[in-house]
Every structure is written in C-alpha cells, then in structure tokens.
Protein chains: 2
Amino acid sequence: MPSQPHKASRLKRVTLADIAARLGVTKVTVSRALNQPEKVSAAMRERVTECARELGYMPNRQAGSLASGHSRLIALLIPSLSNAVFSELHRGLEAPLAAAGYQLLIGHTGYSMQEEERLIETWLSFGIDGLVLCGSRHSPRTREMIARSGCAVVECMEKRETPLDMAVGLDQHAAGRAMTEAMIALGHRHIGFLGARMDRRVEQRLGGWRAAMEAAGLSQQALLTTDAPSSVRMGGELLDEMLTRWPETQAVFCCNDDLAAGGLFECQRRGLSVPDQLALAGFNGLEMTRGTWPPLASVVTPRREIGERAAALLLARLSGDLDATPHGLWEDLGFSLQTGGSLSS
Amino acid sequence: MPSQPHKASRLKRVTLADIAARLGVTKVTVSRALNQPEKVSAAMRERVTECARELGYMPNRQAGSLASGHSRLIALLIPSLSNAVFSELHRGLEAPLAAAGYQLLIGHTGYSMQEEERLIETWLSFGIDGLVLCGSRHSPRTREMIARSGCAVVECMEKRETPLDMAVGLDQHAAGRAMTEAMIALGHRHIGFLGARMDRRVEQRLGGWRAAMEAAGLSQQALLTTDAPSSVRMGGELLDEMLTRWPETQAVFCCNDDLAAGGLFECQRRGLSVPDQLALAGFNGLEMTRGTWPPLASVVTPRREIGERAAALLLARLSGDLDATPHGLWEDLGFSLQTGGSLSS
DNA sequence: ATGAAAGCGCTAACAG
DNA sequence: CTGTTAGCGCTTTCAT
C-alpha cells in the first residue's frame, strides 16, 4: 500500500499500553476495566476510565476484533439509497441491534449482484459478524464466501424456498394477486400493469397480477415494463403510453408507489379524474401514499417489522440460540391492502 | 465479549501462512505476490494466485490494516436514507473512490449530531482513512476525535467559513434568495415559505427568503415551519394551513421538493390551478420535479458534482498532495434555477 | 527476488 | 482481583 503523508502527521495514538504504563498496571487490567468492568475493583475501574478520558484514549477495534474473532458489526446491503422501502427496513433493524451492542453498517448495491458480491467480500474481510441481504438472488461466489465465513445471514423482503440460512419477508406474488383481485372485485375488466426496475420482487408482483387476471378470464395484454430505474417521471411516461395503446384501460396496478404517483400526475395532465375515469394502485404503502390527492391505494408491506424480525433472528443466531431459530427458517410477515382513494371513491 | 457458537462452527480460516506452507515459501512472499505483484517473479505470482484461488483464500483486512496503518476505507455519513439528495451525493463519491481503490461505507445519522458522533467513533476505531460529512454542525467531541485521528475529512453541501479541513457545496442562503427574487420578479407580493426538518441548510434557505423579502419591502408574515421530518404529506398539511391563515398568498417557496409535491396535491384537493392561482417552488431539483404536473420549479443543486469534488479532494489529501488542496479550502459549486411549470406558465 | 524478525493493539486462557 | 504468556493475520523494515 502507498504511503500516507496525511496520516503520518497525526499525533501518536494513545493505546492501552499508555494507560497501563501511566497507572502502573498491565494492559489486561486496563482492557478489563474498560470492557468487563465487573471484573475489576471499583477503584481500578475509576482510575482507568479517568485516565482514558484524560489521555483521549480511543480503542482500536481492528486489533480487538483480530484478537477476539468478532467485531459486533452487522452489515445491511440495500439495492437503492433513494427507495424509502429500504430506509424503513433499516429503521427496523437499527434499534434492536444497537440495544444488543451491535453496530449496523450500510452498503449500496445498486441492484447489482456483482456489486453485492464485491461489498460482501469487503465486509467479510473486515470481520463482520452478521449480514442482512435484500432478496434472494446472489452470485455463486457470494454464497460460497458467506458459507465459508460462517457469518450469520438473513435475507429480507421476499419469499424464498431455500434461504441461505434464515429469511423474513412477504409473499410478493400473493400480494400482487390480492390487489389485482380487489380491482376485479370493483368491477374492472381492463386492468393494466406497469413495472419498472424489474427485479425479482417486481416480477413476483407481476406474476400475481397475471395469476389473478388469468383466473378471472381477463386479458393480460395491457402490460408495460422496463428495466430502467423506477421514478415518478417514469410512472407518468408509462401510463401515457398505456393509455395511448389501450384506451379502454379502466384500472392500472403500478409495481410501486413512485410509479403510481407519476400516474396520478399524468392523469392530471390529461384531465382524467381518479378514480372515476381511471383507477390507480401502487405497491408498498409508503407514507407518501397518504399525501397524494386522491390518496393512493397500495399494498402495505411491513418493512419496519421485517427489519425488526431480521434483527431478532440475527441476534438469536449470534448468541448461539440455535434451537429457537432453525436453519432454513422462513417467516412470512404478510401484507394488507390500502384501498379507497385512487382505487374507489 | 460473549462466546459465539455460530462462528465456532465455521471452517478454519485460510491464511497467508497456509498458502505459504503449501508452496514452501514464506508469508511475506505470498503477501507480496498478492499485493505488490511486480515485486515477485512471474512464476511465483502465478503459483500463489493459483493456490489462493484453490484454497479459497480471503485476506483478513483487519490484520492488514492493523499492520499497515491504513484501511482504504472511506465513510460517508448521511442524515437521511430516504432523501434522494444524499443518494446522489453518494453516487458522485462512489466511482472516483472505487477507481482509486477505496471502499465507501455509508452511515446514517438521522439528522442527529449525537448519532453522528457515535458513528464517527465507531468508524475511526475501525481505522477508516477518510470521512465525508454532510453539513457543518458537529459536536465538540466529534471535532476532537477527528482531529486526533488525523483522518482526512471533507464537509459537504453547505457553505462553511471555517471547515474542519476541506468543504464543498453551495451557498444555501444565496440559493434561497435567488429563488425568492425570481418569484418577486414575476410580480408576486404575498410569498410564503414552508419549512420542515429545520436543519442548518433549511434555515439558510429561509434566511435567503427573508433577505429577499426584506430587500423588496415585502411582509415575511406567511411563514410556517416545523421540526418534524419533511414529507409529501407534510407539504400538503402545511400548505393547507398557510392558505387558511393567509388566503392572500400568491406564491409559496417550499424548503424542498417533497414538500412542494405535497403542495401540488393540496392544490388539486382544493381545486386550485397551479401556477395560475398559486405559484409553487421547491428546492434541490430532484428528478421528481420533472415528473409532476405541472413540472415543479426548483433550485437545482449540483449534488452529484459535490460528491465528485469531495472524492477528488479526499484523494488529494490522502495521497499527500497537500499543496494542491490547502487546509480550510471551501469550494462553492453554485446552483441554478429551474423555473416555468409550477411557477409561471 | 525472497527471507527473517519484529510488531500493529488488543484479548484469551490460565495462573496466582 | 490482577498478572503472565501467547497469539490473531498481516505488513513492515532490513538482510541476503
């Protein structure tokens, strides 16, 4: 590695040894006073903490982890930084992990399996104890690295028959089907589907739409998808194209809330009244869906709860509570439908 | 630290020593073959890489960092995971840092100085080489830790007279003022300001609105702010209150695009035509502003470019190129106004 | 081009 | 309750 003149200019680092020397004890005692306070005398504890503060001691956790074999670090890999779904997953994870003394790291994969692999390699080489992944598609090398490392892992968001270890989420196919059936129940026959950023979860939602349409004997013609990133703007463009190609469309199921919001704006541009002239629904039930006009119908997914359960599973695995958390575990946290608003008045 | 039965079950880790033993050479040679390939014979290089692959060797970077004193790790601390502004900042940072062999970590502060402090402590104890912060408000302890560590640091987004070291962003006050002046130039007299999540940047934008209003001799009465998080829904609620309390309002400057989007929906709910009956503007110029109807006027901030410059400054500092990047450097990357749409037809 | 020795800062295991 | 002894896995010197 190259030299680093910048770092060279820093003050010499304060170490355990410095404190030990100043106090006339050994490093071990200082380490104990700091990390297992109950194992030293109250007086010692006092002197050490005082001296540490005075010298501005900051532990070197690389050394600590290297020696102990664990880091109390857990990494969360999210596909997108700007998708509120993942920020709520994060929120659910953070509190329980912090309470148990674990620090949560965030990594950004940009929906790329290859980037996921790179990140996991880096994290593992830095000794993380646990890993939270979104989805169930991973490269072979990713699987192998995780297996070798023995790192605890939980996969989030989507149903998975054979998890790497544990998984928690919801059945995206069933959710897509349920919303479509709700639309059919409202009497709509021409129901379109808009999808962007076609990852596995979106494909499963689409599968649900297909299943419901087929079961009802309806045409699956009005379908528009793109691999491009999802956005409000994309929602407007896709809806524009759909209404142009299939003017008979009565209702549109968008694969997420951003797309649906864009659809609302497009209706406004065209002077279409929602839901009277066109019904719209999104997916996820983000906070935003209650800020639009009309309020956006959506499939509400328990993102926060998924994070909380994922944290609990991880902690159970890390504490060795194996029986309570069998390998291959899959927890389905379900979903609910938020109707009314853009779906029916 | 507690025992970890889970980890105990893993296969023994493959180390440099294992490869060395298998090849009948020393660890140093293996290390060199892997990290400074030009320093060993081509034959050796070949044998080592081959054997490493075969055994599934994965370097332990904790050990590496501990020994070498640097980690090639750079941490980015963002206030919010769901704000697209920060995801674009991240995008700007990532490529140049990766190209230079650095790995970018993300931390989430939730707009809390205390959480920022906690995260920085963790990162520093894990030996990061660089730090990218948003904003200029940091706890005294944060400042001290950074100073002691000698870690390179750059502060992003807002203007700062006395940076910790380097800073890059834009003058939020000037931007707020410019947009307000544009509204005044359109002939509006009753111009309101809506603000949520009142952090320093939002306060600076508000200051810009005040300055412009004062200079024009206009009333600063129509002002509504909240410390609650910003959201589309909040935008609608705030606008509702504003129009109720100050029905004469002709134009509203929202502190960000989410709020403004909520404002658009609120206008729709009230049957107000934008911009004819009410003009609206947001801040940041997110992609979304081109997906609304009408398109949202906004102050376009160079988030991506800020990330790119921040990366360049950090790399310059880390490579010891001190002269080219003086301490205390402040780079203003400016802004531009996106008008039309929701502001004027 | 390769090796030997020393150590990064900390913790584990066992003594006393 | 405190100390001793040994590393964790890697990267430095400095030799050869």
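These values consider heavy atoms only, across backbone and side chains, with no hydrogens, waters or symmetry-generated copies.
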Report task. Examine D:dC8: is either OP1 or OP2 under 4.0 Å from a nitrogen or oxygen in the side chain of B:N60? Give yes or no. Result -> no
Query - Distance test, side-chain N/O of A:Y57 to OP1/OP2 of C:dG9, below 4.0 Å - result: no
Query raised in the report: C:dG3 base to B:R32 side chain: any donor-acceptor pair below 3.5 Å?
Result: yes
Query raised in the report: If we only count heavy atoms from C-beta on, is the B:W123 to B:L105 side-chain gap below 4.5 Å?
Result: yes
Requested in this report: Using a strict cut-off of less than 4.0 Å between a Lys/Arg side-chain nitrogen and an Asp/Glu carboxylate oxygen, indicate whether B:R309 and B:E305 qualify as a salt bridge.
Outcome: no
Report task. Represent DNA chain D in dot-bracket notation, 5' to 3'. Only Watson-Crick or G-U wobble pairs with both distances under 3.5 Å count; pseudoknot-style crossings use [ ] and interstrand partners use |. Result -> ||||.|||||||||||
Query raised in the report: Near DNA chain D, under 4.0 Å by heavy atom, which residues of residues 41-50 of chain A?
Result: A:S41, A:M44
**Report entry** Neighbours of DNA chain D within residues 24-31 of chain A, by heavy-atom distance under 4.0 Å
**Finding:** A:V25, A:T26, A:V28, A:T29
Requested in this report: Run the numbers on A:I19 and A:Y57 for side chain to side chain contact (heavy atoms under 4.5 Å, CB included), then give the verdict.
Outcome: CA-CA 8 Å; A:I19 301 181; A:Y57 171 69; 3.7 Å; yes
Ignoring the backbone of [X], work out which of [options] is nearest its side chain.
X: A:L66; options: C:dC8, C:dT11, D:dC8; answer: D:dC8
X: A:L16; options: D:dT12, C:dA12, C:dC10; answer: C:dC10
X: B:T15; options: D:dG9, C:dC10, C:dA12; answer: D:dG9

Report task. Locate the shortest heavy-atom distance separating A:E155 from A:P163; write the atom from each residue and the value. Result -> OE1-CA, 3.3 Å
